[in-house]
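None of these values were measured; they are calculated from a predicted model.
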Amino acid sequence: MSSVLRATGLNKTFAAGGMFRAIGADKKAVVDLSFDLQAGQTLAIVGESGSGKSTVARMAMQLLAADSGEIFWGDEEVTHLSGSALRSRRRHIQMVFQDPFASLNPRMKIWESVAEGLKVHQPSLSRGQRRDAVAAVLNQCGLDEGGMDRYPHQFSGGQRQRIGIARALIVEPKVLVLDEPVSALDVSVQAQILNLLNDIQKDRGLSYLFISHDLSVVRHIADHVAVMFAGHVVEQGAVADVFGNCRHPYTDALLKARPIAHPDERSPVDTLAATDEGVAESGCPFRNRCTVAQSDCAGFDARLNAQGFACLHPLNITTDE
Amino acid sequence: MNERCSILLERGRRIGHTAAMLEVRNLSLSVSIQGNRVEAVSGVSLQLEPGRVLGLVGESGCGKSLTAQAILRLGEFQGVEKSSGDILLDGESLFEMSDEQLRRTRGGHVAMVFQEPMTALNPVFSIGSQIIEVIRLHLDLSKQQARQRAIDLLNDVGMQNTEQLLKQYPDSLSGGMRQRVLIAMAMAADPDYIIADEPTTALDVSVQKRIIALLLNLQKKRGLGLLLVTHDFGLVAEMCDDVAVMYAGQIVESGPVKEIFDHPSHPYTRALMGCRPEVSQSGGSLPVIGGQVPPPGRWPTGCHFAPRCALADASCAAPVATDAWHEGRHTARCVHGEAR
Ligand SMILES: Nc1ncnc2c1ncn2[C@@H]1O[C@H](COP(=O)(O)OP(=O)(O)O)[C@@H](O)[C@H]1O
Ligand SMILES: Nc1ncnc2c1ncn2[C@@H]1O[C@H](COP(=O)(O)OP(=O)(O)O)[C@@H](O)[C@H]1O
Ligand code: SF4
Ligand code: SF4
Ligand SMILES: [Mg+2]
Ligand SMILES: [Mg+2]
């Protein structure tokens, strides 16, 4: 297997602004983060909102410059590409967003939106050739090409997400960065889009960097998963390992938050606390919310160990370790 | 009399007078599409009881929000009209209430929690001023008493530093925090019923779980009747006692939650349950429901689900009764309801 997109030691801090300027607290959005996306595979980044997932996506796309760290495309370091070198690289890595409506220009016909990438990357194509290419990619995404002269508002949420995917695919990229692509969809439509993404991956050998807050979705679609909390990757590994034998208490909390399949699985209602926030400023960032925290966690520099988790008191310890 | 006493007394009075039931009876609603009136909700009946949670579940566009909003007669502002049926609170028709009675009912007896907490909160007013306004609209309290009640309510929904929170503005809160504030506002006048329209859809799964726990806690502690509107059977599994499945304007299956999960009897219910990633095995394809929900005006004359149904045959071409299949309280609008 070969690496298609790799990042090492990415950091991003946003300067204090708006209402936080007075307090002067800069926001560490991503801390010393590395990942390695293999050809034809799906790497999921999972975590709650504000954990830094979209910031990673934007750095991977090079829409946002990292403060430090490197990005590799195969063997080539591309961290500091700019201008035409960056533009030609963009062809290989395309993005799909959560809100398909916000990412389509409401005044452009569908075919024009989908063809935009072709204008940049294959400027020699005639209008007719562009329309043919759009029809083909819409068909692959399960849309009738007859709708290509309509406007975005004439499509449902699921259809618009198909259009968003078609738009990314038309330049024949090798990598798709998908930022919460099914989070805004009904479960029934979500299933259709997940199947479509699976089919396209098989068909084209694409690699996905798939961002989500939903572990059920991740379990279904991904090969590898990186769990993020407050800018840190706290656990990573193959989906089967992380889900079957998770080590980090935050991963465990996320797993327990998965929707249940049947009313018989209900657990007694107890958790009332609004622990939506509570990131610790020093030591293990999760320690304010961690149910197994001990005093030494206050001095723990949360870094992934060789086994792929960042915790002093991991769960599921087996005797052979 | 102190404020807590007066609220308890008012609540006692309300609970005392009847076993308050909220009933949607054979309700049909029409909307205006390109100048034509078309039916969008067709003969829907629902019964909410104190202390119980009823789930109204279906894909987007099935008419769930129209139905939920009709319970507070909110849709009328957007050109929604009732063509038949009734909504009864304690046996009294909402459509025969005076404006003053209706105003007292909205928020007072029946309160609503919406999907998007940001649009339901006004960004230019502090959290405190918005909650206090709602409290004083329904309860005869001084400003100081209302402020104390606001603090109590925010504590009840699990918020911390509530004195400080009153001075904050909505955009300084996370999505989950905003939803808690909205739930506190819905509880302001100690309603008997809460209508929650996709209350967790815009939230992370872990925040979702905590909001679910909060709603269930309040519901149990106060004996609330809760109507939960959702597209997600996962939420139904977590929260509901009873379920009504809605498809293209109609209730297609209803009954106690366990029976619905153990013996889903309408093909649509089975399909909607089956496409959830948490019930399928990982990898491979998820089961899907081909096609789309037909919009109002494009419903088939027979079974509305027929164009998407694998079991459809000639007997499905005529209209199907709500209880074409039934077993006790469990009903399904399907001529092949027994086929499992
Ligand atoms: N442009 C920006 N300026 C300031 N802060 C930002 C900016 N973008 C993101 N952040 C902050 O960085 C953190 C991570 O954000 P984000 O990557 O969007 O998280 P996620 O996608 O996991 O919800 C959040 O606290 C967010 O408020
Ligand atoms: N005020 C309105 N005017 C016209 N059509 C409407 C109106 N409200 C809803 N509809 C249509 O009625 C159908 C049901 O809508 P809704 O009740 O919002 O569905 P759900 O909540 O189940 O997603 C949809 O096709 C929607 O477009
Ligand atoms: S290091 Fe300590 S606080 Fe952090 S997750 Fe592990 S046990 Fe919990
Ligand atoms: S009545 Fe016929 S078409 Fe309708 S759900 Fe039942 S089997 Fe399917
Ligand atoms: Mg994001
Ligand atoms: Mg709705």
Side-chain angles (χ1 to χ4, degrees), chain A residues 18-20 46-51 156-159 182-196 198-199 212-223 239-240 243 250 253-254 256-277, chain B residues 59-61 156-160 169 171-177 180 201-210 212-214 216-217 220 231-240 257-258 260-262 271-290 292-293:
Chain A
M19 54 175 289
F20 296 112
V46 64
E48 61 200 29
S49 61
S51 57
S156 69
Q159 289 172 323
V182 297
S183 301
L185 304 174
D186 266 22
V187 277
S188 61
V189 180
Q190 170 180 293
Q192 296 174 359
I193 298 294
L194 290 174
N195 287 350
L196 174 67
N198 258 331
D199 292 345
S212 176
H213 67 264
D214 188 342
L215 283 180
S216 303
V217 168
V218 167
R219 190 194 68 154
H220 183 77
I221 194 144
D223 304 294
V239 162
F243 285 22
Y250 178 62
L254 278 184
K256 289 195 172 122
R258 274 184 304 174
I260 58 174
H262 191 283
D264 288 347
E265 297 165 26
R266 281 182 200 178
S267 51
V269 175
D270 48 4
T271 40
L272 237 187
T275 49
D276 298 5
E277 261 108 61
Chain B
E59 289 165 281
S60 284
D156 283 354
V157 298
M159 300 291 272
Q160 281 145 23
Y169 287 80
D171 69 357
S172 69
L173 301 182
S174 68
M177 295 288 188
R180 281 176 198 267
T201 300
L203 304 172
D204 281 7
V205 274
S206 47
V207 181
Q208 253 177 39
K209 202 81 165 187
R210 280 182 246 130
I212 290 170
L214 169 65
L216 283 179
N217 242 304
K220 294 223 159 62
H231 67 272
D232 184 358
F233 260 110
L235 221 56
V236 175
E238 298 265 10
M239 296 185 70
C240 297
V257 70
K258 231 180 105 57
I260 300 275
F261 273 86
D262 288 342
L272 197 56
M273 279 180 177
C275 55
R276 302 167 54 216
E278 55 269 26
V279 299
S280 87
Q281 295 308 305
S282 60
S285 297
L286 289 166
V288 296
I289 322 174
Q292 292 175 45
V293 183

Set of ring pair (Phe, Tyr, Trp, His ring centres under 6.0 Å) partners for A:F243, sequence neighbours left out: none
Per-residue contact mode, B:M273 against chain A (heavy atom under 4.5 angstrom): neither
Atom pair CG/NZ of A:L254 and B:K209 - distance to nearest 0.5 Å: 11.5 Å
Residues that A:A191 engages under side-chain contact (heavy atoms from CB on, under 4.5 Å), provided they are two or more places apart: B:C275, B:L286, B:V288
Pairwise side-chain contact, B:D262 with A:H262, heavy-atom cut-off 4.5 Å (strictly under): yes
Validation row: B:L272, A:S188 side chains within 4.5 angstrom (heavy atoms): yes
Residue A:E265 versus chain B: region with a heavy atom under 4.5 Å: neither
Interchain contact, A:R266 with chain B, by part (heavy-atom threshold 4.5 Å): side chain
Atom group of A:S212 that falls short of 4.5 Å from chain B, counting heavy atoms: neither
Distance in Å, A:D199 CG paired with B:S285 OG, rounded so as to fall on 0.5 Å steps: 5.5 Å
Interface moiety of A:D264 toward chain B, non-hydrogen atoms closer than 4.5 Å: side chain
Heavy-atom proximity to chain B below 4.5 Å, by part of A:D214: both
Non-hydrogen side-chain atoms of A:V187 and B:H231 separated by less than 4.5 Å: yes
